[in-house]
Amino acid sequence: MRGEFKTGMKAPPTHAPKVLLKKPKIHVVSFGCQMSFADSSEMAQSFLNKGFSSGESLDLADAVVISTCTVRQHAEDRAISFIGRLRSWKKQKPHRLLVVAGCAAERLGPKIKERFPHVDLVIGAKSIEGFSKIIEDILSEKYDLAAESAADFPQTPRLSQGSACDFVTIMRGCNYSCSYCIVPSVRGREKYRTVETIMEETKAKIASGVKEITLLGQTVNSYQSEYQDKTVKFPDLLRILDRIEGLKRLRFMSPHPHYVTKEMVSAFKDCPTVCHYLHLPLQSGSNRVLKMMRRNYTRELFMDKVRMLKSELPHLVLSTDAIVGFPTETEADFDETLSFIKEFQPAWIYSFKYSPRPGTLSSMELPDDVPSPVKEERLARLNDLAREIGRATLKGKVGQTVEVLEENENFGRTRDGFKVKWKGGDKSIGEVHSVKIVDASDFLLIGEK
Ligand code: 5AD
Ligand code: SF4
């Protein structure tokens, strides 16, 4: 079977009569990271272009796109179980279209259709760029889309109607080979979108009401591309986008520590839209484990970057990722992670239990030898520390007046990424408010206007 299947392949035409669809609806479910959410939004756009409308419940939907994740087994299991539950959804209205996309789709390929015959199309993460053509073909083959539905739809449809924040993917794939990570095999090597495309998409989103753009890429700050006879690197891209009229905030996810440079720091200083928040994935504080993880840095080098950032950008808020229970991780290794985090003081931590992924170097060459209860216990200790640091950071904000971009009614975020709920004042999504912080819970600032 291996090698015979390419994700994105669909079954040969059945010559079944076309189904007439009036006002068709699409529902998107994402089980992954922001990249996977952005990919599924891009896929949904192909449906919107054909006259589908979005934002409807699963029950009312004619088509569902499921964006799957395979970074950890748990994420994959959740997506697979959801696909299984859609058996009865499809049975109720057999004209419905079920598309499974993303990283788990790339990894599992034909196995998904073998196990779930109610799935119409499997399209892996590497095939996202060809998706719109595949969708157009399948929709024309399967449906008569009533003309009125297309005409009803606005010119620049967006998936996240009403939201002030949106994503722009600037690169896909990863050229690193961290031993635990399945991303390079399911997403392939780095590919960059052109500066022109990124600017066009950013401008279109701003024209439709977006105020804050998050640039996305697996190692987003390794971006480079040729533009007007020059090589544009990530800091240059920040400078170019910063000049776009109407953009209030510019963020990005997820940077790689290697590309956190002085040039990037200068762009932070010079560009008023660039938010002073940086996610810097550590993974482990033990040099022995970092080496086995193939992270290409030591704790000392990482701390040098943290110190440089803190001295150059005193208001910068940092967050991080950490993995506990990597093969052979000892108590001493884990203690090094804890001590490093105490010095690093990230405002929040995304912590994960090591999950061996098929085909990765660590899963093939190292034993998954940290027992599950030990992984659990280390995760709990790391989370306790994260909560402690987070709580102290948030408490430190009480009494300050902060600038909040309203994302949903009564809810928004500060420029440095803290979530805020507040009372008083007129509410208006997309507006920037000045809010006095009067209290803080573990992960939320409470304010008044
Ligand atoms: N096991 C546990 N966590 C993982 N991550 C990536 N691969 C694995 C794995 N096999 C985590 C890393 C990465 C984040 C997106 O997911 O911390 O930064
Ligand atoms: Fe995975 Fe490492 Fe690439 Fe991040 S940098 S996506 S952890 S291989």
Side-chain angles (χ1 to χ4, degrees), residues 30-39 68-78 102-104 106-107 125-126 169-192 216-223 234 252-260 278-286 289-297 302 305 318-329 334 337 340-341 344 346 348-370 372 374-376 378-379 382-383 386:
S30 171
F31 286 92
C33 55
Q34 282 167 328
M35 285 279 319
S36 128
F37 176 76
D39 283 355
T68 60
C69 176
T70 188
V71 167
R72 288 168 297 277
Q73 187 63 44
H74 179 64
E76 186 174 297
D77 292 346
R78 282 175 55 226
C103 291
E106 184 70 47
R107 189 180 92 76
K126 284 181 190 160
T169 300
I170 65 165
M171 52 95 66
R172 293 198 163 93
C174 176
N175 287 355
Y176 282 86
S177 45
C178 303
S179 63
Y180 52 83
C181 185
I182 199 167
V183 166
S185 79
V186 287
R187 286 196 171 257
R189 292 184 66 77
E190 292 180 7
K191 276 199 215 147
Y192 314 106
L216 293 179
Q218 227 73 49
T219 55
V220 70
N221 53 341
S222 70
Y223 177 86
F234 184 70
F252 52 90
M253 268 313 253
S254 279
H256 191 284
H258 179 76
Y259 295 95
V260 172
L278 190 71
H279 181 71
L280 208 56
L282 169 70
Q283 313 302 359
S284 169
S286 150
V289 173
L290 284 171
K291 195 161 186 197
M292 284 195 298
M293 286 178 162
R294 299 191 162 212
R295 286 293 287 175
N296 296 324
Y297 54 77
F302 194 99
K305 295 243 154 146
L318 293 157
S319 63
T320 198
D321 287 347
I323 299 176
V324 301
F326 187 80
T328 78
E329 185 189 66
F334 178 65
T337 299
F340 193 94
I341 294 282
F344 176 12
W348 53 93
I349 304 174
Y350 300 92
S351 46
F352 308 103
K353 282 184 289 180
Y354 171 70
S355 164
R357 308 305 296 131
T360 56
L361 216 66
S362 65
S363 79
M364 292 186 297
E365 294 186 351
L366 299 166
D368 182 17
D369 58 355
V370 179
S372 198
V374 177
K375 283 184 187 166
E376 288 287 352
R378 288 181 189 165
L379 189 72
L382 182 60
N383 286 340

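Indexing begins at 1, ligand by ligand and atom by atom, following the structure's order.
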(request) Kindly compute the distance separating CE (Met253) from NE2 (His279), expressed to the nearest 0.5 Å. (result) 5.0 Å

(message) Working to the nearest 0.5 angstrom, can you tell me the gap between Ser362 OG and Tyr354 OH?
(response) 2.5 Å

(request) Enumerate the protein residues lying less than 4.0 Å from ligand 1, judged by heavy-atom distances, in chain and residue-number order. (result) Val71, Arg72, Tyr180, Gln283, Asp321, Ile323, Phe352, Lys353, Tyr354, Ser355, Arg357

(request) Can you measure from CZ (Arg107) to SG (Cys69) and round to the nearest 0.5 angstrom? (result) 11.0 Å

(message) Between Tyr297 and His258, is the ring centroid distance below 6.0 Å?
(response) no

(request) List in chain and number order the residues that pass ring-ring contact (aromatic ring centres under 6.0 Å, His included) with Tyr192, two or more places apart in sequence or in another chain; answer none if no residue qualifies. (result) Tyr223

(request) Determine whether the side chains of Ser286 and Glu329 contain a donor N or O and an acceptor N or O closer than 3.5 Å. (result) no

(message) Just to be sure I understand the cut-off, which residues have at least one non-hydrogen atom under 4.0 angstrom from an atom of ligand 2?
(response) Cys174, Tyr176, Cys178, Tyr180, Cys181, Val183, Pro184, Gln218, Thr219, His256, Arg295

(message) As an exercise, state the distance from NE2 of His256 to SG of Cys174, rounded to the nearest 0.5 Å.
(response) 7.0 Å

(request) Scan for salt bridge (charged side-chain N to carboxylate O under 4.0 Å, His left out) pairs involving residues 355-366, sequence neighbours excluded, and state none if there are none. (result) Glu76-Arg357

(request) Look up atom CZ in Arg78 and atom OG1 in Thr68, then write down how far apart they are to the nearest 0.5 Å. (result) 11.5 Å

